[in-house]
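Let me begin by presenting the structure, written as structure tokens, before commenting on it.
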Amino acid sequence: MDKKPAYLIVGKGRWGPRMHAMLEGEGRRASFATNIRRATGENDPVYESRMAESFKASGADIAWLCVPPGPHVPPMIRAAISAGLHVIVEKPWIYSREETSALLHAAHGAKLVTAVDFEYCLLTGVENWRKEYYERSGLRFGGAFEIGAGDHLGISARDNLGSHLLAIHEYAVPQSEISSFQCAYQAPNQRRVWLEESKARISQIDFLGSPEPIIQTFVSRFENSLEGTPFPFDFGFALRVKEKLALLPTDANANS
């Protein structure tokens, strides 16, 4: 597109300012939403209406909800859609099939694009897997995402870090069997996924400290989708990742 879209960043925690700086560094206009907290006694319709008016007045094209998941997110999404803004939210997606369907229906009806920020799917190695192995059966998928930091968001490592691993699985190698799944806080840092066939490892992607500009690539792909190019990481994709995660044994190697 000739004119780059403007962004409204919702949330001023650790992630919001980082995305604001990244977008401005990429030549995008970005501003922070104000007065986003629900007032005492403010019900959903009133809150959403107030947010929609504020979002629309910002002059933005895209709302990026840089806030942790929770019951506050769907009203923000509905407000953004009412204001005519495309929407990006942060993982993990925790919302029901019914709520997801309703949000997608509203967005499609308004001809707006939705996304969940699964940027690791855009690693070059993952894209190569998608080209080579997307329809291949008989493979075994393994992944490990462990970080030295603790839990800053009140979200289990299984949901927070594991959702990245299963997003890679869903995007690149959905026919493979999930054979290994490790995610943890306060552990030696590792971020890697691998594929095995006949008990032999045939490919591994180690993305710890990767220099690839995957968030910038995510932004570029999302913006291209505003003109009709399909975007793979919408709310429906995020729901599939959530449901895939729920099917894993609860004793899988992941801690909080």
Side-chain angles (χ1 to χ4, degrees), residues 9-26 32 64-70 72-73 88-94 115-129 140-173 176 178-196 201 203-219 233 237-238 241-242 244-256:
I9 304 297
V10 182
K12 293 184 178 181
R14 299 172 69 225
W15 192 243
R18 287 181 61 186
M19 293 303 96
H20 184 274
M22 180 276 294
L23 289 166
E24 289 201 328
E26 293 295 307
F32 285 104
W64 195 323
L65 308 187
C66 295
V67 294
H72 54 284
V73 169
I88 302 171
V89 305
E90 295 303 319
K91 52 76 197 168
W93 186 259
I94 64 171
V116 177
D117 183 17
F118 287 119
E119 71 267 17
Y120 289 112
C121 291
L122 298 177
L123 289 159
T124 299
V126 176
E127 293 281 21
N128 289 339
W129 275 13
R140 292 162 58 86
F141 170 90
F145 200 139
E146 300 182 333
I147 62 175
D151 176 12
H152 298 294
L153 299 174
I155 305 172
S156 72
R158 178 186 176 89
D159 289 337
N160 188 25
L161 308 178
S163 64
H164 277 309
L165 298 177
L166 294 195
I168 290 172
H169 180 271
E170 175 66 20
Y171 179 64
V173 287
S176 64
I178 300 171
S179 62
S180 181
F181 177 78
Q182 303 166 233
C183 43
Y185 299 126
Q186 297 180 314
N189 286 307
Q190 60 171 331
R191 302 181 190 187
R192 57 193 177 94
V193 288
W194 60 89
L195 289 175
E196 297 175 344
R201 186 162 299 187
S203 184
Q204 175 168 289
I205 304 167
D206 189 333
F207 53 100
L208 179 64
S210 170
E212 294 189 45
I214 51 177
I215 298 180
Q216 290 86 344
T217 302
F218 180 93
V219 167
F233 312 116
F237 175 89
V241 171
K242 174 203 170 189
K244 184 171 286 188
L245 184 59
L247 290 175
L248 288 181
T250 56
D251 61 350
N253 187 7
N255 67 35
S256 58

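Values below: every heavy atom of this structure, side chains too, minus hydrogens, waters and symmetry copies. Note that the structure is a prediction, hence the values are computed from the model and not measured.
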Taking all heavy atoms of [X] and all of [Y], pick out the closest pair and write down the distance.
| X | Y | result |
| --- | --- | --- |
| Ile205 | Gly125 | CD1-C, 3.3 Å |
| Trp93 | Ala238 | CB-CB, 3.5 Å |
| Val73 | Pro69 | CG2-CA, 4.1 Å |
| Phe218 | Ala115 | CZ-CB, 4.0 Å |

Any chance you could measure [X], atom [atom1], to [Y], atom [atom2], to the nearest 0.5 Å?
| X | Y | atom1 | atom2 | answer |
| --- | --- | --- | --- | --- |
| Met22 | Glu24 | CE | CD | 11.0 Å |
| Ile155 | Ser163 | CD1 | OG | 8.5 Å |
| Arg158 | Gln182 | CZ | CD | 13.5 Å |
| Glu196 | Ser180 | CD | OG | 8.0 Å |
| Arg201 | Leu195 | CZ | CG | 9.5 Å |

| message | Please list all pairs meeting salt bridge (Lys or Arg N to Asp or Glu O under 4.0 Å) that have one or both residues in residues 14-23, counting only residues at least two apart or in different chains. | response | none

| request: Output all residues satisfying side-chain contact (heavy atoms from CB on, under 4.5 Å) with Pro68, sequence neighbours left out; order by chain, then residue number. | output: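 If we apply the side-chain contact (heavy atoms from CB on, under 4.5 Å) test to Pro68, skipping adjacent residues, the hits are Leu153.
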
| request: Taking side-chain contact (heavy atoms from CB on, under 4.5 Å) as the test, write out the residues that go with Ala246, two or more places apart. | output: none

| query | Run the side-chain contact (heavy atoms from CB on, under 4.5 Å) check on Phe181 and Leu245 step by step: do they pass? | reply | CA-CA 10 Å; Phe181 177 78; Leu245 184 59; 3.6 Å; yes

| task | Please list, chain by chain and in numerical order, all residues satisfying ring pair (Phe, Tyr, Trp, His ring centres under 6.0 Å) with Phe237, sequence neighbours excluded. | result |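 Once residues adjacent in sequence are excluded, the partners of Phe237 under the ring pair (Phe, Tyr, Trp, His ring centres under 6.0 Å) criterion are Phe118, Phe233.
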
| task | Just grab all the side chain to side chain donor-acceptor pair (under 3.5 Å) pairs involving residues 116-125, residues at least two apart or on different chains. | result | Tyr120-Arg191, Thr124-Glu212

Can you name the residues that form a side-chain hydrogen bond (donor to acceptor under 3.5 Å, both in side chains) with [X], not counting sequence neighbours?
| X | value |
| --- | --- |
| Glu90 | Trp15, Trp64 |
| Ser203 | Trp129 |
| Gln190 | Glu146, Arg192 |

| request: Go through the steps for Val10 and Cys66 under the test side-chain contact (heavy atoms from CB on, under 4.5 Å), then give the verdict. | output: CA-CA 6 Å; Val10 182; Cys66 295; over 6 Å; no

| Is there a donor-acceptor pair under 3.5 Å between the side chain of Ser179 and the backbone N or O of Phe141? |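 Checked: pair present.
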
So do [Y] and [X] actually touch side chain to side chain, heavy atoms under 4.5 Å?
| X | Y | value |
| --- | --- | --- |
| Ile214 | Leu123 | yes |
| Ser156 | Tyr185 | no |
| Leu23 | Ile9 | yes |

Result block: side-chain N/O donor-acceptor pairs under 3.5 angstrom for residues 165-172, not counting sequence neighbours:
residue: His169; atom: ND1; partner: Lys244; partner atom: NZ; Å: 2.8
residue: His169; atom: NE2; partner: Val173; partner atom: O; Å: 3.3
residue: His169; atom: NE2; partner: Ser176; partner atom: O; Å: 2.9
residue: His169; atom: NE2; partner: Ser176; partner atom: OG; Å: 3.1
residue: Glu170; atom: OE1; partner: Lys244; partner atom: NZ; Å: 2.6
residue: Glu170; atom: OE2; partner: Arg240; partner atom: NE; Å: 2.8
residue: Tyr171; atom: OH; partner: Glu127; partner atom: OE1; Å: 2.8
residue: Tyr171; atom: OH; partner: Glu127; partner atom: OE2; Å: 3.3

| Which is it for Ile147 and Leu161 under the side-chain contact (heavy atoms from CB on, under 4.5 Å) test, yes or no, and what are the steps along the way? | CA-CA 9 Å; Ile147 62 175; Leu161 308 178; 4.2 Å; yes

| request: Tell me, with the steps shown, if Lys91 and Asn160 meet side-chain contact (heavy atoms from CB on, under 4.5 Å). | output: CA-CA 7 Å; Lys91 52 76 197 168; Asn160 188 25; 2.3 Å; yes

